[in-house]
Amino acid sequence: MADASNSSSQSPGFTEKLKSWLSWSWTYLWLLWFIMLLFLIYILRTPLKLQESLTTVTVFLNTLTPKFYVALTGTSSLISGLILIFEWWYFRKYGTSFIEQVSVSHLRPLLGGMESSSASSQLFTSINGEAESGNSSVSECKVWRNPLNLFRGAEYSRYTWVTGKEPLTYYDMNLSAQDHQTFFTCDTDQLRPADAAIQKAWRERNTQSRIKAAYQAIEINQECAAAYVLLAEEEATTITEAEQRFKQALKAGEASYRQSQQIQHHGAQQDAQHRRDTNVLVYIKRRLAMCARKLGRIREAVKIMRDLMKEFPLLGMLNIHENLLEALLELQAYADVQAVLAKYDGLPSFFSDISLPKSATICYTAALLKARAVSDKFSPETASRRGLSTAEMNAVEAIHRAVEFNPHVPKYLLEMKSLILPPEHILKRGDSEAVAYVFFHLQHWKRVEGALNLLHCTWEGTFRMIPYPLEKGHLFYPYPGCTETADRELLPSFHEVSVYPKKELPFFILFTAGLCSFTAMLALLTHQFPELMGVFAKGFFSTLFAPLNFAMEKIENFMPSSFWHQLTRI
């Protein structure tokens, strides 16, 4: 039994070695293989009757009429055109060439080409101590609530009035409606008419219908906090009006929170009601802090945010720290910003074990702080002469880290691409997150002297460190391929979605297009000038085989006739 197990364990190793040797020999010694093949064919030309076959083929080609060449080139043009159409359709749907995918999936393993990629992925996993990228990519394609989303009535609607364009997509607004139903409702709402009316309001598609339902809820119950929240978000046309509505909501929300807090442990329904009241209260205070930030009362906004984070530490998934970071940057309290980053940067993601920055806000803010230390004196010419200092190297590495996390941000920061209003939901590492980040943080980068210049000089160097194709990342797991589809759903149609990596036409599509065009041209020329094209074809093939005939004649003159006679007898 032991011998059998040993032999079975040794045979796969020998097979793998043989396969790898064949792969290596085919990769580097293909020219020798080709020469040996030609030599073998020449030796066996008499037993295989190659001379007679070549003569027969020559006679056959000489008897062909121009109509045959027209049919041949036309058929080949049609076939290559059909392949081109199929390849283009497959590329548009799946983002890759069908022929390349088949060759990579089926031919490459036969030639031993998958060992290196699998080994590199295992090494990448073991070095970073991370979970498999398949599980992590699922969590990365999750859509998140934008922590800094604007007010619908005071900001989004105002944009629509001025430009006539809708800044929010139906998909984005539908996600917000689902969020409201999740956080602001519970099973016991049906027992209270006011809460039932506001629960219906969240499901309404029309803005006026939602506002009308909110007023109906207030008529039933003057202390319906969720109704004031809806009016503050959608009916108020200025931030001041929104703040007044939120103050009304805060008064009602605190009363409901105190009542439900006293009965929270009396049953599952009471716990759900308390959870709902907590969510409403936190949302109101957060939006009040954002109102204060927009109205210039930044220190008041910072205090509200810090109190929220201290009072409700378990609601970290709401990302209140991102609001705090932006307000602290406005105050230029960089030491406080660094303290917040030290607490939240590099923590494991909520839905995976990947050690990853929580957002572009954290990643790019960390890069901004490190760039701030050197950017005012940074010069590309000086750095190229003397090399980068330790502080400059740290800043460049932080920029590379941020760009690898979200490669869409730099073009917006450098104003190489126009900004739009941020959506209400974002996709981590996607274009939607880049828009949301730069919309609020561009001014902070401009305020730091030389920071944008340092970013401009260094950000593209990130892509030279990331392997292509993106089998794995440099610092993080591979960039997820699902971002483009989700971003097109989140961002309005008039915005040109940033795509990374840029989809280039595969070689086989270009080759098929060239082949189709060339054969179509040959078919047209053969149809118009059949005799001339026949002469051209014969001359082309005679010229093509002339070097081979010349080499054969030289070999026959160099080798003695008896040597070839003995080889043919063998």
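Atoms considered below: every heavy atom in the structure, side chains included; atoms not considered: hydrogens, waters and symmetry mates. Here the structure is a predicted model, which is why all the values come from computation and not from measurement.
- Checking side-chain atoms of Arg245 against main-chain N and O of Tyr228 turns up no donor-acceptor pair under 3.5 Å.
- Counting heavy atoms from C-beta outward, Phe184 and Ile198 have side chains that stay 4.5 Å or more apart.
- Side-chain contact annotation: Arg145 with Ser176, donor-acceptor N/O pair under 3.5 Å present.
- When side chains are defined from C-beta on, Val448 counts as touching Arg372, because their heavy atoms get closer than 4.5 Å.
- A 4.5 Å side-chain heavy-atom check between Glu166 and Pro492 finds every atom pair outside the cut-off.
- In this structure, His180 and Trp202 have tilted ring planes: the angle between them lies in the 30° to 60° band.
- Taking the six-membered ring where tryptophan is involved, the planes of Tyr283 and Phe246 are tilted, since the angle between them lies from 30° to 60°.
- A side-chain donor from one of His425 and Asp179 sits under 3.5 Å from a side-chain acceptor of the other.
- A search for ring-ring contact (aromatic ring centres under 6.0 Å, His included) contacts involving His400 returns nothing, not counting sequence neighbours.
- A donor and an acceptor atom, one from each side chain of Thr462 and Glu404, are nowhere located under 3.5 Å apart.
- Taking the six-membered ring where tryptophan is involved, the planes of His441 and His444 are perpendicular, since the angle between them exceeds 60° and thus also 30°.
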Going through the checks in order, is the side-chain hydrogen bond (donor to acceptor under 3.5 Å, both in side chains) test met by Ser256 and Asp277?
CA-CA 6 Å; Ser256 300; Asp277 292 338; 5.0 Å; no

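- Scanning all heavy atoms of the two residues, the minimum distance from Gly253 to Leu281 falls at C-CD1, 4.3 Å.
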Under 3.5 Å, which donor-acceptor pairs do the side chains of residues 360-368 form with other protein atoms, sequence neighbours left out?
from   : atom 1 : to     : atom 2 : distance (Å)
Thr361 : OG1    : Glu322 : OE1    : 3.3
Tyr364 : OH     : Ala402 : O      : 3.3
Tyr364 : OH     : Asn406 : O      : 2.6
Thr365 : OG1    : Thr361 : O      : 2.4

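- When the side chain to side chain donor-acceptor pair (under 3.5 Å) test is applied to Glu241, the partners found at least two apart in sequence or on another chain are Thr237.
- To the nearest 0.5 Å, the span separating SG on Cys291 from CZ on Phe151 amounts to 3.5 Å.
- At least one side-chain heavy atom of Leu150 sits less than 4.5 Å from a side-chain heavy atom of Pro422.
- Side chains of Arg152 and Thr207 form no contact here, defined as non-hydrogen atoms less than 4.5 Å apart.
- In this structure the side chain of Gln181 reaches within 4.5 angstrom of the side chain of Arg203, judged on heavy atoms.
- Counting heavy atoms from C-beta outward, Glu233 and Arg287 have side chains that approach closer than 4.5 Å.
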